[in-house]
Amino acid sequence: METRYIFITGGVVSSLGKGIISSSLARLLLSRGFKVTIQKFDPYLNIDPGTLNPYEHGECYVTADGHEADLDLGHYERFTDIRTSRANSITTGRIYQAVIDKERRGDYLGKTVQIIPHITDEIKRNIVFLGETGDFDFVITEIGGTVGDIESTPFLEAVRQLKWELGRRAVSLHLTYVPYLKAAKELKTKPTQHSVKQLQSIGIQPDILVLRTEKTIPESMKEKVARFCNVAPQAVIQSIDASSIYHVPALMHEQHLDDLVLDITGTEHRNKPDHTAWNAFVRRLEEARSKVRIGLVGKYVELQDAYKSINESLIQAATYCDRVLELVDIHAEKINDSNAGELLSGLDGVIIAPGFGKRGIAGKLAAIKWCRENDMPTFGICLGMQCMVIEFARNVLGLTDADSTEMTPETPDNVIDLMESQKNVTEKGGTMRLGAYECRLAEGSRVREAYGADIVRERHRHRYEFNGKYRTRFEEAGLKCVGENPDTGLVEVVEMPSLSWYVGTQYHPEYQSTVLNPNPLFISFIKAAVKHSGSNNAIK
């Protein structure tokens, strides 16, 4: 069948959850046997979010082909098990860069280059590219920001044109907010009405409205919204706050969102939806009673989205271990040798978070030292793994000034050093070691046992690496290098066999953990944490 295109826009306020709605709809269509993919258009001028501070944009997600992308791509992959690529994440910066490159080559044959048609044509080309090259039944396109933002205008104009050109093959879904005024004890639909009118004013009539709400919306109110917004009553759907984002697909299916999309596009209702595996996960999520307490040591823990993929990977792994995750945020700048025991002793396991820069390093080293000396299950990721190496060098090998050249360029013992391939790199954007690479795991190692394979392929985002000159000294003292890249010999994984579970990975296993296929290393870590806890008490 010809590819259908679903455009998802937002109004009233940002952060309503367009990514979750997009992912949930994709999950529903996949359950019916359709081939689906999702893409995100972000209206900022950065080429990608790789150089953005987490305070600005939350987590930077990395695709298998080495593209730094918006964190919503993480949601897409976790919900769908679809492996995204650079084609699934587009920014205004990339659009303008492509157009300017074409102009410099003379592709426009002397024409004046304008927003319309050149920018909008480039946007449209990127939208239909996936449908034309990937043999998909549905392409879901999420437009970042809200209707009315200046930055989003070219994207919305491209959507307007495509809706006209594609006819019934295009669907517009608009997500808005219905606030509850506590003083008046009322839900208010006026913001939704204004948002839809603004969308209509640029030529886009939504086919489906999804109303984000904290309170159940009465049927009479839905009918009012339908009447004022020119939408069929059955196409007004509420998205009420849920205890977990993983409940949202079921909530959308109960209101026939997938049926609506198929009806509007004239698509045959192929197969009955099969939600067996998803529902089994959600059931375990709901039925888990015993908790597992995991501490996350990082310098951005106050930000909800800074470690989004790690948080969700832990939730998934805890669920499959029939546990409720209790995540304890520990700010890396607020932990030291004197209070580490107080902050960490009541936990079942500790994650040492990834990141860049010197801020918070002293706290991470203090946490690692306490965990190593007290046999706390510990998982270091990227910079977290590098900190494990530095702490071991200082406190076990006696190399008191050991460091990473990222933190101390003049360190006499550069146990972590800039990768050789990075030494002539001057630009910041998209120049790190990015994407999926193979890692060979040592026989008999804890990570080899966890994966059940001797070769794995995981994603990376780093410039610095373990300095192989020190490898023998580390291994003789008990920190084993049990994972390495088969082509370069780069050390990817370290672990201490003498401890119950003490593992550091240069790669980011959280990027490939999904609801239906959780990363085995997170499962192994949570199992070790549960064993360390030794507690099966129900949550009070």
Side-chain angles (χ1 to χ4, degrees), residues 2-11 14 18 22 37-52 57 63 65-70 72-73 84-134 136 138-174 198-206 427 429-430:
E2 288 186 295
T3 304
R4 272 66 168 156
Y5 295 86
I6 303 168
F7 302 108
I8 297 185
T9 56
S14 59
K18 293 194 300 293
S22 301
T37 192
I38 318 180
Q39 61 182 177
K40 173 75 180 288
F41 281 76
D42 270 305
Y44 48 77
L45 280 169
N46 304 69
I47 300 300
D48 56 52
T51 57
L52 289 176
H57 202 69
T63 60
D65 66 343
H67 179 65
E68 293 172 298
D70 181 81
D72 275 320
L73 264 70
T84 56
S85 70
R86 65 184 297 107
N88 297 84
S89 176
I90 309 291
T91 67
T92 297
R94 276 184 63 190
I95 296 294
Y96 274 75
Q97 185 182 54
V99 170
I100 291 170
D101 287 346
K102 289 178 180 180
E103 187 275 332
R104 292 290 82 188
R105 290 196 305 266
D107 291 8
Y108 298 119
L109 300 176
K111 291 181 180 178
T112 301
V113 179
Q114 297 176 291
I115 302 295
I116 303 173
H118 302 101
I119 295 297
T120 50
D121 280 354
E122 184 65 20
I123 294 169
K124 288 160 62 180
R125 187 187 70 79
N126 278 275
I127 290 173
V128 301
F129 173 80
L130 285 174
E132 292 175 345
T133 60
F136 293 107
F138 289 92
V139 173
I140 300 173
T141 302
E142 177 191 344
I143 308 297
T146 59
V147 173
D149 294 344
I150 292 174
E151 297 91 340
S152 299
T153 303
F155 293 101
L156 294 172
E157 170 59 21
V159 169
R160 183 195 69 77
Q161 293 180 25
L162 278 174
K163 276 210 74 181
W164 178 259
E165 294 167 13
L166 295 169
R168 201 174 180 184
R169 289 199 290 134
V171 178
S172 171
L173 186 156
H174 191 53
Q198 198 162 21
L199 193 62
Q200 292 169 333
S201 73
I202 58 177
I204 301 174
Q205 169 60 49
E427 293 187 358

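Between the side chain of Thr63 and the main chain of His67, a donor-acceptor pair closer than 3.5 Å is present. No side-chain donor-acceptor contact under 3.5 Å links Asp42 to the backbone of Tyr44. Using modelled atom types, no side-chain atom of Thr3 and backbone atom of Val139 make a donor-acceptor pair closer than 3.5 Å. With hydrogens and angles ignored, the 3.5 Å screen pairs a side-chain donor or acceptor of Thr91 with a backbone N or O of Asn46. Listed for the Arg94 side chain is a donor-acceptor partner under 3.5 Å among the backbone atoms of Ser89.
Across every non-hydrogen atom of Lys40 and Asp70, the tightest pair is NZ-OD2, 3.1 Å. Of all heavy-atom pairs spanning Glu2 and Arg4, the tightest one is O-NH1, 2.9 Å. Across all non-hydrogen atoms, the minimal contact from Pro206 to Leu199 is CD-CD2, 4.0 Å. When every heavy atom of Ile127 is checked against every heavy atom of Phe7, the shortest pair comes out as CG2-CE2, 3.8 Å. When every heavy atom of Thr120 is checked against every heavy atom of Gln161, the shortest pair comes out as OG1-NE2, 3.8 Å. Pairing each heavy atom of Asn126 with each of Gln39, the nearest pair is O-NE2, 3.4 Å.
Taken to the nearest 0.5 Å, the OG1 atom of Thr37 stands 8.5 Å off from the CD1 atom of Ile140. To the nearest 0.5 Å, atoms CD1 (Ile95) and CD1 (Ile115) are separated by 11.5 Å. To the nearest 0.5 Å, atom CG of residue Leu173 and atom CD1 of residue Ile6 are 8.0 Å apart. Remark: Ser85 OG to Leu130 CG distance equals 6.5 Å, nearest 0.5 Å. Taken to the nearest 0.5 Å, the CG atom of Leu166 stands 6.5 Å off from the OH atom of Tyr5. Rounding to the nearest 0.5 Å gives a distance of 7.0 Å between CZ of Phe41 and CD1 of Ile123.
Note on Asp65 versus Arg86: no salt bridge recorded, every NZ/NE/NH1/NH2 to OD/OE distance being 4.0 Å or above. Classification of Lys102 and Glu122 as a salt-bridged pair holds, one side-chain N sitting under 4.0 Å from a carboxylate O.
Screening Lys18, His174, Glu142 against Thr9 for a side chain to side chain donor-acceptor pair (under 3.5 Å) leaves a single residue, His174.
Within a 6.0 Å sphere centred on CZ of Arg104, other residues, nucleotides and ligands contribute 12 heavy atoms or fewer. The number of heavy atoms from other shown groups lying within 6.0 Å of CZ (Phe129) does not exceed 12.
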Would you please test Gln97 and Ile47 for side chain to side chain contact (heavy atoms under 4.5 Å, CB included) and show each step? CA-CA 8 Å; Gln97 185 182 54; Ile47 300 300; 3.9 Å; yes
Decide yes or no on side chain to side chain contact (heavy atoms under 4.5 Å, CB included) for Leu162 and Glu165, but give the supporting numbers first. CA-CA 5 Å; Leu162 278 174; Glu165 294 167 13; 3.8 Å; yes
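Counting heavy atoms from C-beta on, the side chains of Ile143 and Val159 come closer than 4.5 Å. By the 4.5 Å heavy-atom criterion applied to side chains, Ile119 and Asp121 are not counted as neighbours. The shortest distance between side-chain heavy atoms of Glu157 and Arg160 falls below 4.5 Å. Between Thr141 and Phe155, every side-chain heavy-atom pair lies at or beyond the 4.5 Å cut-off.
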